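Have a look at the structure below, then the notes.
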Amino acid sequence: MTGLPPAGMPVAGLVPAPRHEHAHADLLVRNAKVFTGDPGRPEARAVAIRDGLIAALGDDHDLAHLVGPGTKVVDALGRRVVPGLNDSHLHVIRGGLNYVLELRWDGVRSLRHALAMLREQAGRTPKGQWIRVVGGWTAEQFAERRMPTVAELNAAAPDTPVFVLHLYQSALMNRAAVRAAGFTRDTPDPRGGQIVRGRDGEPNGVLLAAPSALVLYSTLAKAPALDEADKRTSTRHFLRELNRFGLTSAVDAAGGFQNFPDNYATVVDLAGSGELTLRIAYHLFPQTAGQELADLKRWTETAKPGDGDEWLRLNGAGENLTWAAADFENFSEPRPELAVGYETEFEQAVRLLLENGWGFRLHATYDETIRRDLAVFEKLAAEGLFPGGNRWLFDHAETVSAGSLDRIAALGGAVSVQNRMSFQGAAFLDRYGAGAAAHTPPVRAMLDRGLTVAAGTDATRVSSYNPWVALHWLVTGRTVGGTALYPAGNLLDRETALGLYTRGGARLTGEQDVKGTLTEGCYGDLAILSDDYLTVPEDVIPDIESVLTVVGGRIVYATAEYEGLDEAVPPVSPEWSPVARFGGYQSGREGQGGARQALLVAEAAAESEQHRRWRVARGSAPETAPSFVDPCFDH
């Protein structure tokens, strides 16, 4: 919308002012309920952006003089405006390289619908390619409250390889995928994983993380990859999908199978051409066991945190520094015991980073791991290396104790929490009980100690990338299937939770002075929401999306009344991509798609309940409803 909007988007009282062009805003959002996130000025009705920064806030009439001939004026129509969201732990680089290859079950409400999507995609996928369902879903979200079976995958796609990843726990493969992966009766089980076999000794299509997910990810890596041109297109569409939910920034946590610099080349190219629509701060993660110190030494000699610009910048090392120090987060398996003596090499890695001015983040699920890591830090603190001005944090920290939180605070650390319990909460309850789950993680206790806490998703291989699912978890303490996990004392009010998704992430990257609030001089990053996050019923929060997302004054996503105002992206490629047919997150908000999904959910729920009653009547099932976890996976 250049200049004044058309009659369908009224902007009464805003007339281009006879001012010099340099004083005019590039973009003005008016008639809005603006939540700034700035305690000094928490509310406004209009926001003006110039040269990529917030130029002014106020009422509509206060900012009228900033409208010039070149100003884009957007009428928010009374909707809620919030600072752009910042996922503090997202595997955005890796996710972008694979996004268009994946069939997303995120948000799908019934297994029947999920299998229908799979069946249709099988008819579109060319020979030699795989269908991949990789993260973002759990059996608990389905009306049937169960996983698919291998037999159902075989029926839906008899000839096309299908790989379905379920949390950190397992993967299902149809017969075609077992053949494509080269699994036979003679294939040995990898360390920390299991290839489940039938009575005949042949692989039956089930892979188990026991407890390491390496068997799952290494099998997925056997599927064909995109060429460089399609990786670029895939990343652009993934960033647009994140913009769809109001995300304007993310901190990339690196991860397995993400090699530097090769797998970073696509985002570097997009940054160089000005095509990033999400600000990315990235980490470097040593990939090869036994080579970690050599990798870290090479990186510290050639780069330093902060290198880059406001769109793409290095933030530090991690989320692993040494492989031996990483625990696994498969709550269907017992807590892994880390090797005795891993601290020696781990201490060398931490010392190397701190002495070279590098911050870091550490994957740590369990308090047992955190306590051992903290002992190393306290030893280095005696030498003055902690707190030494370098930003560092623990990721995940589901079972961190009060004592460990005190030690983290004393050493100047922070914590990044993710809503993995939205998807794995039922498995945690089954293993550890409600008492242990009640403060997993203890977010309120972290904040009470004054710790910097940021929120994210850990998408895409387990949790969904939808930030509103994570915000719903922080506010309600419920899983995606509705299971209540937390008492009131470990829940957050909506403004506090939103702060973890805005100001919190900015603090982890040292950008709190320019990012995370709508304040004059800060980046012009904001989202106009489909529903008012601050007032809607709690069960509506996961369904919130952005109708218009702005990054640095650029409209990077627009729908509803604003459709067509955003920047163009190339068509999805390859043409057979599941994203080209189904899109990404299945919100059910739009048209016939939503109506059809609702119908399928109702049918699936009725069918599931009818079948359960039939089994109860014959004595083959208990009177109470079963757990969502398939007994085959309940270890």
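In this text, all values refer to a predicted model and were calculated from it rather than measured experimentally.
Legend: residues meeting side-chain hydrogen bond (donor to acceptor under 3.5 Å, both in side chains) with Ser422, ordered by chain and number and at least two apart, are Asn419.
For Tyr465 and Phe238, the ring centers are positioned less than 6.0 Å apart. Aromatic pair Tyr168/Phe328: ring centres not closer than 6.0 Å.
His396 is listed as a side-chain neighbour of Glu319, based on a closest heavy-atom distance under 4.5 Å. Looking at Phe257 and Leu214, their side chains come closer than 4.5 Å, going by heavy atoms from C-beta outward.
The structure places OG1 of Thr509 at 11.5 Å from CG of Leu314, a figure rounded to the nearest 0.5 Å. For the atom pair Glu545 CD and Asp543 CG, the distance stands at 8.0 Å (nearest 0.5 Å). Taken to the nearest 0.5 Å, the CG atom of Leu167 stands 8.5 Å off from the CZ atom of Phe423.
Checked by atom type, the side-chain pair Ser463/Asp458 shows no donor-acceptor distance below 3.5 Å. In this model, no donor atom of one side chain and acceptor atom of the other lie less than 3.5 Å apart for Ser573 and Glu575. The closest side-chain donor-acceptor pair between Thr549 and Asn243, if any, does not fall under 3.5 angstrom. Inspection of the Gln418 and Asp87 side chains reveals no N or O donor paired with an N or O acceptor under 3.5 Å. No side-chain donor-acceptor contact under 3.5 Å links Thr502 and Asn86. Checked by atom type, the side-chain pair Gln121/Thr125 shows a donor-acceptor distance below 3.5 Å.
Environment of CZ in Arg175: sparse, with no more than 12 heavy atoms of neighbouring residues, nucleotides or ligands closer than 6.0 Å.
The list of side-chain hydrogen bond (donor to acceptor under 3.5 Å, both in side chains) pairs with a residue in residues 204-221, not counting sequence neighbours, is empty. Among residue pairs with one or both ends in residues 137-159, those qualifying as ring-ring contact (aromatic ring centres under 6.0 Å, His included) are Trp105-Trp137, Trp137-Phe142, Trp137-His166; sequence neighbours excluded.
The two residues Ala176 and Pro158 make their nearest non-hydrogen contact at CB-O, 4.3 Å.
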Checklist entry - Between Trp323 and Phe285, is a ring pair (Phe, Tyr, Trp, His ring centres under 6.0 Å) present by the stated rule, with each step listed? => result CA-CA 10 Å; Trp323 280 96; Phe285 181 131; 5.4 Å; yes

